[in-house]
There are 2 protein chains.
Amino acid sequence: MARIKEKRATVHDLARAAGVSLATVDRVLNRRPGVRPATISRVEAAIEALDFRRDVPASLLARARAINVTVLLPDGENSFMANLSAAIEEEGRRRAAERLQITAQRVRAFDGGALARTIDALTRENCDCAIVVATDAEEVRAAVERAALRGIEVVTLVSDIPESRRRHFVGIDNLAAGRTAAALLGRFCGEGARIGLIAGSLALRDHQQRLQGFRETVRGKFPGLRLVGPLEGHDNAAETAVAAERLIAENDDLEGLYSLGAGNSGLVAALHRTGRAGKLRVVAHELTKTTRQGLKDGAIDVILDQNPQGEVRAALEIARQIGLGSYPLPEPFTIELGIFFAENLR
Amino acid sequence: MARIKEKRATVHDLARAAGVSLATVDRVLNRRPGVRPATISRVEAAIEALDFRRDVPASLLARARAINVTVLLPDGENSFMANLSAAIEEEGRRRAAERLQITAQRVRAFDGGALARTIDALTRENCDCAIVVATDAEEVRAAVERAALRGIEVVTLVSDIPESRRRHFVGIDNLAAGRTAAALLGRFCGEGARIGLIAGSLALRDHQQRLQGFRETVRGKFPGLRLVGPLEGHDNAAETAVAAERLIAENDDLEGLYSLGAGNSGLVAALHRTGRAGKLRVVAHELTKTTRQGLKDGAIDVILDQNPQGEVRAALEIARQIGLGSYPLPEPFTIELGIFFAENLR
DNA sequence: CCAGTCATGAGGTACGTACCTCACATTTTC
DNA sequence: GAAAATGTGAGGTACGTACCTCATGACTGG
């Protein structure tokens, strides 16, 4: 019978313990100026000693303004981004009661300059924390740096900017996704089978990583597999269809396909047109209307999904904690790779 | 640029709109006695009209007592239950700040009478909501009924009591789990392959459902497969080992195994002892220390996992909402089936 | 040594709800 | 038609934090 109880320290206890006034405690807690470093240390020591944690409900109640969160995500008709966008809307509504004020803004896709300018336009007035589906470009990295200096924390979503001052990354492990695809196709297909690869663009870091993971596992566990490609489908249906048809036409012994980008409606169409739907073992990414249908009618065997709703939820939770200035800094959420067959579609 | 803003109605607005006093609004909101049905309706109409939702932070702050949640789970050294228990401890700590008072209590496994008595012992004084890993027995169903009448809401976790007055069920879809296992083994093994089945106990409803889902998909998609078993391993290592060795010994053409219960350390041991580790395609349930190791060394191909931490989190969230008496009743959380290979172990 | 700056204290109000008490009005009961 | 029970109103305090103002003491540089 584990009983978890609690008689928590308040700001008053802190003040008493540190031998300072309530006002000073408040200044330290809310990072307001006007406190000597030595005094700050005393207060922080008291926080430590009393295991003080801000009472979130009370804090939320007392603070006048909401926590402003700005979400920046690429434009375009991509159906994954549409899902992401819908998830943001919904979670935003759900969390409005907790004084989270969410603003979503679309930025030109693949345009580092535009994204950087949008980030630069954010001010402390209208934004405590930015959630960014990042384009991995030097300009963006620099803009994140400047934002951090202005006091605006950045959380990257779906695609990361490594070695930047972003506070967190929320997304799946793309290396693991690639490895998993290989683990599946390796078991689905025969020993020396030929497998085709279609990427969106090798300039995208997530696609690169998926490819790398895939090759790693093939090398390690299924060295007999013979890979062709990757061809690039640029995340769009038409080009992806062309790529798929080419792979099929040029390799009559093709047994499997791994599509590691978007544009899967083209892939499905190509499979049906060539009569290979259900005959090839196909692994692709992202649960969408098209891929869902593909699973059901057997054109696609497995979908690896990054669960946009879960990602949005995690990113907002981190943003909330950042906005509240919570002392124990938010721990990173692990977003799990979703693996879907026709049999476990949600 | 979707902006989600709000200017929410307060209890004062409600009182004005309904033409009653604050005290009456309060009585209605907190289901206290002393209000005529007609007046209650007026207040509820105002709630509807103004789209009033209780301010959770303020409510939490104002209420004197914490929300008492009691978790009842089976005893025994089962490593899945140990994980579940650990998750409860951790989530309990994490959420203590939100005035959730969590008490975990272990009850004799498979003993419906004991569980029923424990539920009957709960009072409104010490418990607003009970989270129960249920044994599916008539006595338990009746105890849940009595609890509901006393005003104690019950949420079932992991295993459900259908057609009872429990308020929610948090757990995976075991039919889908069984179907997924079949989808995997069907693709891993050859057309007419022989597959062995090991259950914990067919008296357990979740195991039954997994078996049912498995057979369903085999019938529909892989009718060539020849199934043997299920043998029962009673969720314990020794018996499971015996069952596995028997299946292996009696079927020299065995290509795959689906272990749909616990006791998987016995399974792994048997695979190694008979030299079939890595040669058979094996699907089993629950990520534990043993199965994790089994994935890594190749004895197990796939683990289907129900993510105890996610389940606990979901159940606690529901309990919290129940405890707060939130007006829009909590929506059921879907717990997703986790599918793990060596390649995407978290 | 004086003006100016900085660090701190004292004390207050506000947030929205829960919960309490007491008084008064209305309805029910015999 | 008096007594009892019930419904409702008025008003207050408390929860823990944020944020504000004003006063004071200490230290700085010229």
Side-chain angles (χ1 to χ4, degrees), chain A residues 6-43 46-47 50-67 96-99 101 124 128 321 323-327, chain B residues 6-43 46-47 50-67 96-99 101 128 323-327:
Chain A
E6 203 74 19
K7 205 182 314 168
R8 306 177 46 219
T10 74
V11 281
H12 293 88
D13 301 329
L14 269 190
R16 209 172 320 117
V20 299
S21 76
L22 213 60
T24 300
V25 168
D26 181 65
R27 291 180 188 115
V28 173
L29 280 178
N30 296 295
R31 300 195 176 83
R32 271 187 272 275
V35 187
R36 237 174 316 165
T39 313
I40 295 183
S41 305
R42 286 221 318 279
V43 174
I47 291 174
L50 300 186
D51 186 28
F52 170 84
R53 274 155 305 155
R54 202 191 294 256
D55 184 302
V56 177
S59 156
L60 237 28
L61 182 58
R63 74 191 305 146
R65 52 190 213 96
I67 299 165
E98 302 174 50
R99 288 188 174 64
Q101 164 87 33
R124 271 317 296 265
D128 299 295
Q321 291 188 33
L324 285 175
S326 75
Y327 246 87
Chain B
E6 23 141 14
K7 207 181 311 166
R8 304 175 48 213
T10 74
V11 281
H12 293 87
D13 301 330
L14 268 190
R16 209 171 321 117
V20 299
S21 76
L22 214 60
T24 300
V25 168
D26 181 65
R27 290 178 188 114
V28 173
L29 280 178
N30 296 296
R31 301 196 175 82
R32 271 186 271 275
V35 187
R36 233 176 316 165
T39 312
I40 294 184
S41 305
R42 283 218 324 275
V43 174
I47 291 175
L50 300 186
D51 186 30
F52 170 85
R53 274 155 306 155
R54 205 190 293 256
D55 184 303
V56 177
S59 156
L60 235 29
L61 181 59
R63 78 192 302 147
R65 54 193 212 94
I67 300 165
E98 303 173 50
R99 288 188 174 63
Q101 165 89 32
D128 299 294
L324 285 175
S326 75
Y327 247 86

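Lettering of chains follows the sequences in order, A, B, ..., and the numbering in each one begins at 1.
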*Within the pair A/Arg27 and C/dA7, is there a side-chain N or O less than 4.0 Å away from OP1 or OP2?*
no

*Let me know, please, whether B/Leu61 or A/Val25 comes out on the 5' side of the other along DNA chain C by nearest nucleotide.*
A/Val25

*When the distance from CG of B/Leu14 to P of D/dG9 is rounded to whole Å, what number comes out?*
13 Å

*For the side chain of B/Arg42 and the backbone of B/Ala18, is there at least one donor-acceptor N/O pair under 3.5 Å apart?*
yes

*In whole angstrom, give the distance that lies between atom CG of B/Leu50 and atom C1' of C/dG16.*
15 Å

_Atom pair CG/CG of A/Asp55 and B/Leu60 - distance to nearest 0.5 Å_ = 8.0 Å

*asked:* When you measure from the side-chain N and O atoms of A/Thr10 to the phosphate of D/dG16, is any distance below 4.0 Å, counting only OP1 and OP2?
replied: no

_With a 3.5 Å distance limit and no angle check, can you tell me whether A/Asp26 reaches the backbone of A/Leu22 through a side-chain donor-acceptor pair?_
no

_Any B/Arg36 side-chain nitrogen or oxygen under 4.0 Å from OP1 or OP2 of C/dT27_ = no

*When you match A/Val11 and A/Ala23 each to their closest nucleotide on DNA chain D, which lands nearer the 5' end?*
A/Val11

_If I take atom CG in residue A/Leu22 and atom C1' in nucleotide D/dT21, what distance separates them, rounded to the nearest angstrom?_
15 Å

*Does the side chain of B/Ser21 get closer than 4.0 angstrom to OP1 or OP2 of D/dG9 through an N or O atom?*
yes

*Starting from the 5' end of DNA chain D, give me the residue, B/Pro33 or A/Ala62, whose nearest nucleotide shows up first.*
B/Pro33

*Are B/Thr39 and D/dT8 close enough that a side-chain N or O sits under 4.0 Å from OP1 or OP2?*
yes

*Between atom CZ in B/Arg54 and atom P in D/dC15, what is the gap in whole Å?*
20 Å

*Taking all non-hydrogen atoms of both residues, which atom of B/Leu14 and which atom of B/Val25 are closest, and how far apart?*
CD1-CG1, 3.8 Å

*Check the distance between C/dG16's P and B/Arg16's CZ and give it to me in whole angstrom.*
12 Å

*Examine C/dT8: is either OP1 or OP2 under 4.0 Å from a nitrogen or oxygen in the side chain of A/Thr24? Give yes or no.*
no

*To the nearest Å, how far apart are A/Asn30 CG and C/dT8 C1'?*
16 Å

*Would you mind reading off the distance between B/Leu60 atom CG and C/dC19 atom P, rounded to a whole angstrom?*
12 Å

*Between B/Asp26 (CG) and D/dG9 (C1'), how many Å, whole number?*
13 Å

*Does B/Asp13 use its side chain to pair, donor to acceptor, with the backbone of B/Thr10 at less than 3.5 Å?*
yes

